[in-house]
Amino acid sequence: MRRPTKNKSMRRQENGRRAIQIFNTQMRSTFPRCGAKAKSTGLPCRRFAMANGRCDNHGGRTPSGDGWHRPVWPNGSAPDAARKMYAKLASLERAARRRAARLAAMTPDEQEQYQKWHIERPVGSRKGRRAAKVERHRKAEAKAEFSKTATVSRDNDPEYQALVDRIAELKAKLAALEKDEIEKGVFG
């Protein structure tokens, strides 16, 4: 196999430079950009966006789907699997310690809000979380509807008044029966 001469190598380099120049001048501006803004400057990110609208630094690698909350364990057949496993376990322990310290520094009100937030957003599949959210909304609507009907004036409702009278009548009968039982005694 022949080695390329210096001229062929120079032509290839020049072709590569020309391709990069064409890309930078004509095609680069048409690609979508990341929608994130820098915290330090407030300027938008200038990197190319992936399918989700963000670059890999601003959310492209964020876990999603049903297993977003589960840790990803290393491949057991890899030659450095044990080292990766220990590193992963150490990382999870550090995160647990940071979480415990953050919780310990919270006020009781903040801890209550934290617990409420986690109860409302349990881990699990997206379908299960969506079903739980719909159920919460239905319960809230039912509770609001019930409280609305409970505040209606019952003094003017004849059915309610009849039930109150019947309950009072039955309580009076019960009291009379208990009084008779006491007077008769055990062997009456």
Side-chain angles (χ1 to χ4, degrees), residues 32-45 47 49-74 85 87-184:
R33 299 297 174 151
C34 176
K37 289 187 180 181
K39 289 180 183 178
S40 57
T41 63
L43 297 174
C45 177
R47 297 185 68 189
M50 298 191 317
N52 65 356
R54 297 279 191 244
C55 67
D56 60 345
N57 285 346
H58 293 115
R61 294 180 182 158
T62 304
S64 61
D66 287 347
W68 64 269
H69 60 286
R70 294 188 195 111
V72 179
W73 300 106
M85 176 66 88
K88 184 67 166 183
L89 290 172
S91 171
L92 291 173
E93 286 175 11
R94 278 193 308 274
R97 283 194 303 270
R98 282 194 303 261
R99 189 179 313 110
R102 197 171 64 238
L103 283 171
M106 288 181 181
T107 65
D109 291 337
E110 290 173 333
Q111 287 178 354
E112 185 178 323
Q113 286 178 339
Y114 177 84
Q115 292 298 328
K116 181 181 175 189
W117 189 91
H118 281 278
I119 288 170
E120 290 175 352
R121 293 162 183 84
V123 295
S125 69
R126 182 180 295 170
K127 185 177 178 182
R129 291 192 310 271
R130 192 175 300 130
K133 183 178 181 180
V134 168
E135 184 66 23
R136 279 194 311 274
H137 286 294
R138 286 184 183 163
K139 284 181 179 179
E141 288 172 1
K143 187 175 183 179
E145 188 65 31
F146 180 73
S147 66
K148 200 184 304 180
T149 59
T151 58
V152 173
S153 176
R154 294 182 176 147
D155 297 333
N156 299 334
D157 188 8
E159 284 184 46
Y160 176 76
Q161 199 58 42
L163 287 172
V164 169
D165 293 341
R166 180 72 176 142
I167 290 170
E169 180 186 322
L170 291 173
K171 283 183 178 179
K173 280 186 179 181
L174 179 64
L177 288 172
E178 287 176 349
K179 185 179 177 185
D180 288 344
E181 287 286 325
I182 292 173
E183 288 176 1
K184 288 181 183 178

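Keep in mind that what you see is a predicted model, and the values were worked out from it rather than measured.
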Say you draw a straight line from [atom1] of [X] to [atom2] of [Y]; how long is it, rounded to the nearest 0.5 Å?
X	Y	atom1	atom2	result
L170	D165	CG	CG	11.0 Å
R138	E135	CZ	CD	6.5 Å
L89	R94	CG	CZ	11.0 Å
R102	R97	CZ	CZ	14.0 Å
C45	K37	SG	NZ	12.5 Å
L92	K88	CG	NZ	5.5 Å

Looking only at heavy atoms, what is the nearest atom pair of P74 and M85, with distance?
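For P74 and M85, the tightest heavy-atom pair comes out as CG-N, 3.7 Å.
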In chain order, what residues pass the side chain to side chain contact (heavy atoms under 4.5 Å, CB included) check against R130, with sequence neighbours excluded?
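For R130, the residues satisfying side chain to side chain contact (heavy atoms under 4.5 Å, CB included) (neighbours in sequence not counted) are R126.
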Among H118, E112, K116, which residue satisfies the side chain to side chain donor-acceptor pair (under 3.5 Å) criterion with Y114?
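It is H118, the one option of H118, E112, K116 that forms the side chain to side chain donor-acceptor pair (under 3.5 Å) with Y114.
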Please determine whether side chain to side chain contact (heavy atoms under 4.5 Å, CB included) holds for the pair K171 and I167, giving the CA-CA distance in whole Å, both sets of side-chain angles, and the decisive distance to 0.1 Å.
CA-CA 6 Å; K171 283 183 178 179; I167 290 170; 3.9 Å; yes
E169 bridged to R166 by N-O distance under 4.0 Å:
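Between R166 and E169 there is a salt bridge, with a charged N closer than 4.0 Å to a carboxylate O.
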With a sphere of 6.0 Å drawn around NZ of K133, does it hold more than 12 non-hydrogen atoms of other residues, nucleotides or ligands?
no
